[in-house]
Asker: 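Below you'll find the structure I mean.
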Amino acid sequence: MKRTVLFLTSVLIILGLGTSLFAGGATETIYPDPEKNITVVVPHAAGGSTDLIFRALADEMKKASGVNFLVTNITGAGSATGANEVINSPADGYMFLGAGTHTTAATMQGLTSGYKDLDYVASLNWDPFIVAVRNDKPWKTFEELVKDAASRPGKISLGNAGMGGATGVASVGLNLAFSKSFNVTPFNGGADLIASVLGGHCDVGIFSQSEVVANSQSFRPLVILTDGHSSLASLASVPTLAEAGYPGITIPGGSFRSVMVKKGTSAEVKKWLADTVDKAFHSAAFEKFQKDNGLIPAFYKLDAFAEYDKTIIADYEVILKEAGLYAM
Amino acid sequence: MDAFIQGFHQIANLSTIIWMSIGSIVGIILGALPGLTATMGIALMMPIAFQLPTATGIGLLLAVYCGAVSGASIPAILIGIPGNPNAIATVEDGLLMTKKGKAGEALGGAVVASFIGGIGSLIVLVLFSPLVARLTLAFGPAEKTTLALVGLVIIASVSGKNILKGLLMGAFGMALAFLGTDPFSNQLRIPFAKLLATTPLARGMDLTSALIGLFGISQVFFELSKPFEKTAKVDPIKIDKIFPSMRKLRDMWKIILSSLGIGTLIGAIPGTGASIAVFMAYNSAKSITENSKGKLEPLGTGTLEGVFAPEVANNAVTGGALIPALALGIPGDAATAVLIGALMVKGVTPGFHLFATNMSLVYAIFITMLLANIFMALFQLLGVRLYPKVLSVPQQILLPLILILSFIGAYAVAGQATAVGIFNLGIALFMGLVGYFLKKDNYPIAPIVLGLILGGMFEENFRRAVKLAGGNYLVFFTKPICLLFIGFSILSIALPAIKQRRERRK
């Protein structure tokens with residue numbers, strides 16, 4: 001008994017020490033304190049396309065401001081874990097979220113209070129999605145695929161990298177546009193989807209451009225889901241939905257990235273961050289990075305970004321409700 | 001040949017050797033600390049790797065990877081707590097060997113086994129990459145479902161004497177695995193869903209934290225519940241033998257080969273991983289020893305065979321996981337996913353493209369993988385005489401230390417997400433209590449682990465396979481690989497039962 005008590009006290013002491021370590025006091029200084037790091041929370045794994053974009057941006061922000069920006073990857077629950085980390089931290093401007101359509105989707109699915117508890121700083125770009133099949137499949141064009149799907153509804157499988165993510169939303173949106181003739185199937189991440197399409201287990205997949213380029217020998221890209229062509233040489237000839245014969249279909253056909261901070265961050269701090277993102281975004285190095293990776297710029301600051309995001313939210317709401325994923 | 005020489009030049013410099021040595025040591029230490037995984041080790045070293053030339057940076061990460069996978073066996077053998085999920089199957093026989101006073105032999109054996117596994121899978125990687133990569137593509141959702149089934153059948157063989165208790169624990173593990181969100185609809189699948197929606201429980205039970213609780217914290221409780229012994233009961237650690245004899249290795253050739261094959265293949269199939277491979281290798285070694293006519297000692301009694309099988313397999317996973325990573329750009333496990341990330345940051349896209357355009361880098365990666373294994377073995381062997389000293393630490397110091405390390409490990413799993421870290425502490429503590437009560441009543445722990453690992457894989461792939469087949473539940477009986485696995489599962493349940501009945505009749 002005595003030992004149990006002793007043991008329990010020691011556990012309590014350990015836990016107590018642990019929590020007090022993390023409850024460091026905050027002092028009033030001028031923002032940004034050059035002694036402090038500004039943490040960039042990327043809610044996806046290191047090396048993924050979201051991660052690469054924010055690493056490139058953080059580098060340029062550092063050059064533009066002299067302040068140290070530190071990228072940390074906090075993954076899980078779609079992107080909700082990273083968003084919650086920012087929301088649960090102080091609104092002092094020393095942490096911002098690598099936000100975007102993943103944040104919109106996670107918020108609507110009730111996994112995080114997401115954009116309701118975040119403030120708009122600046123938007124960055126779109127990474128367009130491409131619908132592709134393995135190159136020995138019979139469909140040479142997107143039109144052939146759609147006609148085949150319509151003739152035998154539910155027989156052709158259309159895979160995405162996970163229902164809650166941007167490819168999931170795009171695949172549901174696409175399926176809605178073509179009177180639900182596809183068998184929309186979620187996979188466990190982009191790598192799982194690529195392997196399944198390459199292995200012939202899934203007929204059609206929705207991919208980001210880099211995934212198609214990496215497997216260009218085996219994939220046949222059919223259509224790009226944005227309004228404009230890809231800026232990548234190897235994908236520039238992939239037609240848009242309109243060119244493929246289906247004008248008037250609008251779906252959020254890519255993943256969008258932006259910078260958001262915790263709600264309640266002061267206006268001056270947000271303005272400083274937005275101006276620094278502005279400088280970094282328009283630096284030669286970041287512009288080249290975007291071009292090399294086929295990213296379509298969509299830069300808006302503060303209130304203009306908030307307005308822009310409203311259109312994305314409206315698009316997403318319809319699709320997530322239809323997919324039965326809406327839980328707000 | 002030119003490409004090979006160019007590749008060699010990329011890494012034939014002092015900086016590569018130094019960074020890889022550091023990586024190897026860091027990897028072994030991280031691997032040996034409960035909760036710090038190979039994936040995390042690689043992620044930690046990423047910022048350094050970004051600053052180095054590509055081949056050197058990748059070499060550093062590979063050294064961490066190999067070191068961490070192998071280092072996990074040290075605490076598994078000495079105190080029965082796996083450093084990370086790679087060593088869960090090493091616990092059983094490793095700990096028993098230590099209790100028999102053969103800690104040195106177990107640790108030495110684990111190093112030799114890891115080296116064989118690492119080099120063996122590297123040979124497969126170098127010679128058969130494109131072939132194995134294509135083979136792994138044959139594993140779709142249906143095939144993975146039946147592969148998980150094969151894994152679940154192993155529950156019977158790790159259950160000990162009471163199969164019923166084992167099945168119960170397996171089911172409990174699977175139930176834990178289903179916590180979180182539905183993989184298809186993202187609907188919450190947790191109790192008090194409204195209340196807990198934004199807590200980390202929404203992303204399910206964290207495997208590493210649960211393992212720390214089940215193996216580490218529960219063990220501390222268990223030891224505490226026993227009467228105190230004033231002096232440490234472990235006899236003075238004398239290490240007379242480290243290396244297994246050549247004869248022993250020869251006798252074990254079947255175990256080595258099967259573990260190597262299992263590790264490499266499982267490692268190469270995306271969405272699986274070392275934690276599954278080690279149990280399969282252990283299971284296969286078990287049936288090999290049973291049919292060896294007394295040449296090999298039975299597993300589960302503290303034998304070298306029981307340490308060798310999982311340790312060959314988990315290091316074979318390293319080479320295996322690199323196969324789809326390099327050949328297809330698809331990571332074979334979580335650690336290689338981070339490695340691919342490192343390559344992408346360097347502007348190198350893995351896949352067919354890499355082999356076609358940058359063969360010298362591919363060779364450089366192969367050579368660094370070889371070096372990573374050599375460094376791992378070297379540094380491990382240096383420590384083999386040192387590590388067992390842990391056992392002479394008196395319990396009243398060792399137990400609190402284990403407890404603190406367990407909590408630190410569980411907290412650190414989430415990296416910089418502090419909210420998740422605190423939550424994982426709760427999971428570790430909860431599973432520690434669960435594990436304590438189960439151990440007290442002689443319920444086996446390993447089946448819970450199997451259920452936890454395989455539950456999600458089974459469910460997700462089962463549903464995906466049925467959905468892809470348009471709702472046809474019989475899809476599993478239409479594919480050759482599936483039929484093979486189903487047949488294997490049935491046989492491995494039926495054969496021992498038939499054997500038993502025959503023996504009883506005699």
Asker: So which of A:Gly189, A:Pro186, A:Ala327 has the biggest tally of heavy-atom pairs under 4.5 Å with chain B?
Answerer: A:Pro186
Asker: Please classify the contact between A:Asn215 and chain B as side chain, backbone, both or neither, with a heavy-atom cut-off of under 4.5 Å.
Answerer: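 Only the side chain of A:Asn215 comes within 4.5 Å of chain B.
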Asker: Quick check with a 6.0 Å cut-off and a 45 degree axis cone: is A:Lys321 positioned over the face of A:Tyr326's six-membered ring?
Answerer: yes
Asker: Does NZ or CZ of A:Lys36 lie under 6.0 Å from the centre of the six-membered ring of A:Tyr94, at an angle within 45° of the ring axis?
Answerer: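 A:Lys36 over A:Tyr94 ring: yes.
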Asker: In terms of heavy-atom proximity below 4.5 Å to chain A, should B:Pro350 be classed as side chain, backbone, both, or neither?
Answerer: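 Backbone of B:Pro350 only, per the 4.5 Å heavy-atom cut-off to chain A.
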Asker: Which side-chain N or O atoms in residues 198-206 of chain A pair as donor and acceptor under 3.5 Å with protein atoms at least two apart or in another chain?
Answerer:
unit_1: A:His201; atom_1: NE2; unit_2: B:Leu137; atom_2: O; d: 2.7
unit_1: A:His201; atom_1: NE2; unit_2: B:Ala138; atom_2: O; d: 3.4
unit_1: A:His201; atom_1: NE2; unit_2: B:Gly140; atom_2: N; d: 3.1
unit_1: A:Asp203; atom_1: OD1; unit_2: A:Lys137; atom_2: NZ; d: 3.4
unit_1: A:Asp203; atom_1: OD2; unit_2: A:Ser157; atom_2: N; d: 3.0
unit_1: A:Asp203; atom_1: OD2; unit_2: A:Ser157; atom_2: OG; d: 3.1

Asker: What's the separation between atom CG in A:Asn175 and atom CD in A:Glu322, rounded to the nearest 0.5 Å?
Answerer: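 The distance works out to 9.0 Å.
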Asker: Which answer fits A:Ala195, side chain, backbone, both or neither, if we ask what part of it has an atom under 4.5 Å from a heavy atom of chain B?
Answerer: both
Asker: Need one label for A:Val184: side chain, backbone, both or neither, based on atoms under 4.5 Å from any heavy atom in chain B.
Answerer: backbone
Asker: Using the six-membered ring wherever Trp is involved, compare the ring planes of B:Phe476 and B:Phe462 and label them parallel, tilted or perpendicular (cut-offs 30° and 60°).
Answerer: parallel
Asker: Give, as side chain, backbone, both or neither, the part of A:Ser218 having an atom under 4.5 angstrom from any heavy atom of chain B.
Answerer: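 Just its side chain gets close to chain B.
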